[in-house]
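Read the structure below first, then the notes.
Counting convention: from 1, in listed order, for ligands and their atoms alike. Remember, predicted model here, so these are calculated numbers, not experimental data. Position 1 is the first residue of the sequence, and the numbers go up from there.
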Amino acid sequence: MIQIKGEKAIAAMRIAGRITGEAIYLGGQAVKDGVSTKHIDDIIRQHIEKCGATPSFLGYGGFPGSACISINDEVIHGIPSKNRIIKDGDIVSIDVGACYRGYHGDSCCTFACGNVSDKAKRLMEATEKAFYLGAAKAVAGNRLGDIGSAIQEYVEGLGYGVVRQYVGHGVGHDLHEDPEVPNFGRAGHGVRLYANMTIAIEPMITEGNYDVKVGPDGWLVTTRDGSLASHYEHTVLVTEGEPELLTKI
Ligand code: MG
Ligand code: MG
């Protein structure tokens, strides 16, 4: 069931969103050659806890980290590890959730470590731009297909792939709520948007084919063809006018 949020929920989500955004910023600052993904996860968890919130992902379905940290051809759900060392030229997606007074923020950004290739830069820029094109459609009265089609048209126009097997989602009291928010679709179709819905819009974009596979740990999702992947996400409050990005700091 889709939840339309009340003022109290929205107030808590603004705080959860700010904490989430700050944690991603701090994690991104720590992306350097030679650093482990566990080190970044520690920084993120410490910030969330210092703010009086809890990491949404820690223990979610048994996930062992506070952030999902996914590198290069890894799309989502990378488990932080002291043995996973970031190298110069890597692109590193940091996906974080924070829960404050029972309400979640969910956001992701892909960061460059040092000197990344031009093609990796273009992919990251396109993913961010795709998010903003989709988010611009998150206005009361529009439909979910307006968001998905705006993302898909732009991304496929550049020759990139839009991941189909994983999608955005409602977010609030639960980390994952209805409705599903695909990064593809047909304009004018799908669930109608109402003011005070809160949704995570999160394009996952591949340099090659959009097909993905789950690794042996049951979590890590990588591109099947080994091509680079990029991910960008904010928790978005739908309004009658301009959408409010709750996790943007
Ligand atoms: Mg996320
Ligand atoms: Mg999400």
**Asked** Is the distance from the Mg ion (ligand 2) to the nearest N/O/S atom of Asp95 under 2.8 Å?
**Response** no
**Request:** Check the pair Glu202 / His169 against side-chain hydrogen bond (donor to acceptor under 3.5 Å, both in side chains), numbers first and verdict last.
**Result:** CA-CA 9 Å; Glu202 50 177 314; His169 49 92; 3.0 Å; yes
**Prompt:** Using a distance-only test with no angle check, is there a side-chain donor-acceptor pair under 3.5 angstrom linking Ser81 and Lys38?
**Reply:** no
**Request:** Restricting to N/O/S, name the atom of Glu202 that gets closest to the Mg ion (ligand 2).
**Result:** OE2
**Message:** Nearest N/O/S atom of Asp106 with respect to the Mg ion (ligand 1), by atom name, please.
**Reply:** OD1
**Message:** So if I apply the side chain to side chain donor-acceptor pair (under 3.5 Å) rule between Ser93 and each of Thr127, Asn72, Thr110, which one comes out positive?
**Reply:** Thr110
**Complete:** The atom name of the N, O or S atom in His169 nearest to the Mg ion (ligand 2) is NE2
**Message:** For a salt bridge (Lys or Arg N to Asp or Glu O under 4.0 Å) check, start with the C-alpha distance between Arg164 and Glu156, then their side-chain angles and the critical distance, and finish with the verdict.
**Reply:** CA-CA 13 Å; Arg164 301 292 199 277; Glu156 292 183 348; 3.3 Å; yes
**Message:** At less than 2.8 Å, would any N/O/S atom of Cys108, backbone or side chain, sit next to the Mg ion (ligand 2)?
**Reply:** no
**Item:** Atom name, Glu233 (N, O or S, nearest to the Mg ion (ligand 1))
**Value:** OE1
**Request:** Please determine, by modelled atom types, if His176 and Tyr60 share a side-chain donor-acceptor pair under 3.5 angstrom.
**Result:** yes
